[in-house]
Structures are given as C-alpha cells and as structure tokens.
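First the structure, in the form of structure tokens, and then the observations on it.
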There are 2 protein chains.
Amino acid sequence: MAQAEQTSRRAATEARILDAALDVFSAHGFRGATLDGIARAAGMSKPNLLYYFATKDEMHIALIDGLLDTWVDPLERIDPAGDPIEELRAYIRRKLGMAREYPRESRLFANEIVQGAPRIMPLLSGRLRALVRMKAAVIRQWIDDGRLAPVDPAHLLFAIWATTQHYADFDVQVRAVLDTDDPARFDTAQATLEALFVEGLRPRD
Amino acid sequence: MAQAEQTSRRAATEARILDAALDVFSAHGFRGATLDGIARAAGMSKPNLLYYFATKDEMHIALIDGLLDTWVDPLERIDPAGDPIEELRAYIRRKLGMAREYPRESRLFANEIVQGAPRIMPLLSGRLRALVRMKAAVIRQWIDDGRLAPVDPAHLLFAIWATTQHYADFDVQVRAVLDTDDPARFDTAQATLEALFVEGLRPRD
DNA sequence: GTCTATAAAGAGATAGAC
DNA sequence: GTCTATCTCTTTATAGAC
C-alpha cells in the first residue's frame, strides 16, 4: 500500500507542477519563464519544485515528452482507406479542435519553433519528418488516382497546420481584430477552412 | 555641414544597432534577448548601445515602429477596383515574398503575438483592426456581387496570414520536415497556396 | 517532502575616465 | 562617442533545518 500510495502522490504533484509549467512556458517561452512564476502557479516553493524536477530544462523536457503522442495523433489518424476529401476535412476538424481545447500546448510548441526549436529539433527531423513522409505518400497516391486536386502533399499539410494552429498561437491577434471577442470564432473558422480546403482540393476536370 | 554629418553618422549607428536588435529579438523573443547579445551583434559595448537607446524597451519600440508601415503595406494594397481572384492571388504573393525576404521581421511579430502581444496590443486593436474591417468590407462586396465564393472575410485574411507567415515563423520546422533543405520551397509554397486559395475562392454555380 | 536562507551567475543600467 | 568597471536586481540552483 505505502509504495503505491507514495507513487500516486508523487505523480499527482508532478502533474500539478507540469500543469503550472505549461501555463508559464506557453505564455512566456522557455527563457521568459521563471521558476518563481511556475512555483507560484503550482502553489509551492521554488526549492520544492526543484525537488521534483532538478532543473528548469528537465521540467521542459518532461512537459514536451508528455505531449508528443497527443500532438501527432491527429495526423496519424489520417486513413489511407478513407475518402480523400473527407479524411482531410476530418483532419482539419481535429486540428482545429486541438487549437480550441489545447491552446497552451500549441503555444508551447510555437514558442519553441519560432525560436529555432533548440530543444525539440530531434523530434522535428525524426518522428515528425517520418510521419509527414508517410502521410505525404498517401496524399500523393490519392492525387495519382485522380481523387484529389494536384497539390504538393507536404505543403498542403503545412497549410492545414498553419491555418488551424493560428487560432491558438495567434489567438490574441484574432480576438483583437474581430469585432467582438467572438465566442463563435472557432465555428466560423471551421466553416471557412473547410470551405476553402474542400473546394480547393476537389479534383478538377 | 557638421550638423548634417553628425546626424547621418548617428542615423547609421542607430540603424546598425536596430539591425543587430532585430537579429536577437527575432531569434529569442523580447525576454530571451540580452543587451550583451545585441551589443556583440552590433560590434560595440553594452554602455555604448545604451547611449543610443536608453533602455531595452526603447530599442524594441523603435524597431517595431520602424517596421509597421512595411508590415501592413501588402494588405493596404488590395485594390477594391481590381479583379477579386487576382487581387487575392497578388496579396498571397506579396505576403509570401515578405516571409521570404524578411523572415526576421515576421518572427519578431510572431514572438510578440504568441506571448500575448504585451508590447503591440495597441497596434493590433487599433490600426490593424481598422484596416482589416476596411478590407473585409471590400471582400464582402465582392462576395455579394457573386465574384467570390462565400467565405468569412476576416477568417480568409487569417488563413492567408497563417499560411504565408508560416514559411518565416516556422521555417526551422519546414526545413526539418522537407526531404532536403529545399531551396525551392518558397516556389512550391507559392504554387500550392495559389492553387488552394484560387480554386477555393472561385465563385460556385 | 517542504520550507527559509543563501550562494552564484546573469543581465539591465549607471559612473566616470578617455 | 566609446569604453572599463561596477552597481543592483533577477533568477537558477543549493544547503540545511524541520
């Protein structure tokens, strides 16, 4: 009993810290984040924080590692056996859903990448690159079969990433520009993006 | 003579500092940037830097202010009297050209906005918002005239911003994912985006 | 496991010589 | 205008009591 309870207690505290760390890292970037800020958000002292994660780097790594699977999941779920247009429409929906439900996670990655991805470059040129190659082959096959307009598969994926993540990463700009702090902005975004991509990808002739 | 020469000498030094500051701010964000780093990049001592710009904030403000006009210019040039599809195609080209020619400037703004735009919020909810409203009205008129597929004008602009700026802001990811460090990636991007948007925006029925 | 106190390094800004 | 030296505050991390 003692062993399991201690383990789960530790896991709970670690989860509380990582949630606080996500708040702070996503809002200020790695360097802009401070242990003071994370400690405050987690409701504990700074040395206690460092009892669980020895360094600021270690905390950031734990956070990224814990999010990887969730982050690439929408792309992995594109089904080669499905209808091309519907598969891509569903992918856009999933990605926009991620931007809506997990904006902090999106901004965490955005901060990293904009600043040259010093801590996640291995992920980008490893797992992500391999996954893109795989899905690009699927899309290329769809095009060859005449079921999709001819576009560059990788750049199509970039366009979907950019347009959907925009609503998380640049949320403050979206809200500043729109008339009101439009609570329906994600629904309008979804309708707009689906229309653009679906019509843009429909096979010609 | 003395007066003018001193003025131009000062202007040249200021320009050299701002170029170094753009390097460092765009690569690390405001908080991640250090005066040491900027001084090194500018080839001068830290106190000398502060002789020209009294504070780090002042340097950042001078940089942003100097870039504003350039930054909104592509949107301003959308012509209500032009052909809708061609105007938007040209806008995409101009924006992608900016991402290609001025990636540091794009990342400077991206860093700001991802982190909540603490220093440029007035710009977003002022000048940018007003400009978007104006151009959104133009696009809405085009749609009402049946010259463009019905999409939300503001979100269409977001989609163009997102897809084009992606090639500057997430350049490290684009290069990591593509097969080679593809020097033609901007050309492929342009072809892909033009195809997507032009087909996606062609009036239906 | 959690805290207070503190060491050690980093970074913005100033003093003052040249 | 430019520099070296330095002040001061912030921030990462450690020491050691409870």
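Throughout, a chain's letter reflects where its sequence line sits, starting with A, and its residues are numbered from 1. Since the model is a prediction, treat every value here as computed from it, not as a measurement.
Nucleic acid contact class of Ala39(A) (heavy atoms, under 4.0 Å, all strands): none. Among the protein residues, Ser45(B) comes within range of the nucleic acid bases, having at least one heavy atom under 4.0 Å from a base atom.
Contacts between residues 46-67 of chain B and DNA chain D, defined by a heavy-atom separation below 4.0 Å, involve Pro47(B), Asn48(B), Tyr51(B), Tyr52(B), listed by number. The stretch residues 17-29 of chain B does not touch DNA chain D, since none of its heavy atoms comes less than 4.0 Å from the strand.
Counting only N and O atoms by type, the side chains of Ser106(A) and Asp169(A) include a donor and acceptor under 3.5 Å apart.
Geometrically, Arg100(A) does not engage Tyr167(A) in a cation-pi contact, judged by NZ or CZ lying under 6.0 Å from the ring centre and within 45° of the ring axis.
One finds no salt bridge joining Asp36(B) and Arg40(B) here, because no Lys/Arg side-chain nitrogen approaches an Asp/Glu carboxylate oxygen to under 4.0 Å. Taking 4.0 Å as the cut-off between side-chain N and carboxylate O, Arg104(A) and Asp171(A) do not count as a salt-bridged pair.
Taking atom CZ on Arg31(B) and atom C1' on dG10(C), their separation rounds to 11 Å, with Å as the unit. Atom CG in Leu35(A) sits about 17 Å away from atom P in dA9(C), given to the nearest Å. Rounded to a whole Å, the CE atom of Met44(A) is 17 Å from the P atom of dA13(D). Residue Asp36(A) contributes atom CG, which lies 16 Å from atom P of dC9(D) at whole-angstrom precision.
The two atoms that bring Arg127(A) and Leu68(A) nearest to each other are NH1-CB, 3.9 Å, heavy atoms only. For the pair Val151(A) and Ala195(B), the tightest heavy-atom approach, listed with the atom from each and the gap, is CG1-CB, 4.5 Å.
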Distance-only check: which donor-acceptor pairs under 3.5 Å involve side-chain atoms of residues 91-99 of chain B, not counting sequence neighbours?
from, atom 1, to, atom 2, distance (Å)
Tyr91(B), OH, Trp161(B), NE1, 2.8
Arg93(B), NH1, Glu194(B), OE2, 3.3
Arg94(B), NE, Pro74(B), O, 3.4
Arg94(B), NH2, Pro74(B), O, 3.0

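For Tyr52(A), the OH atom is densely surrounded, since the number of other residues' heavy atoms within 6.0 Å is greater than 12.
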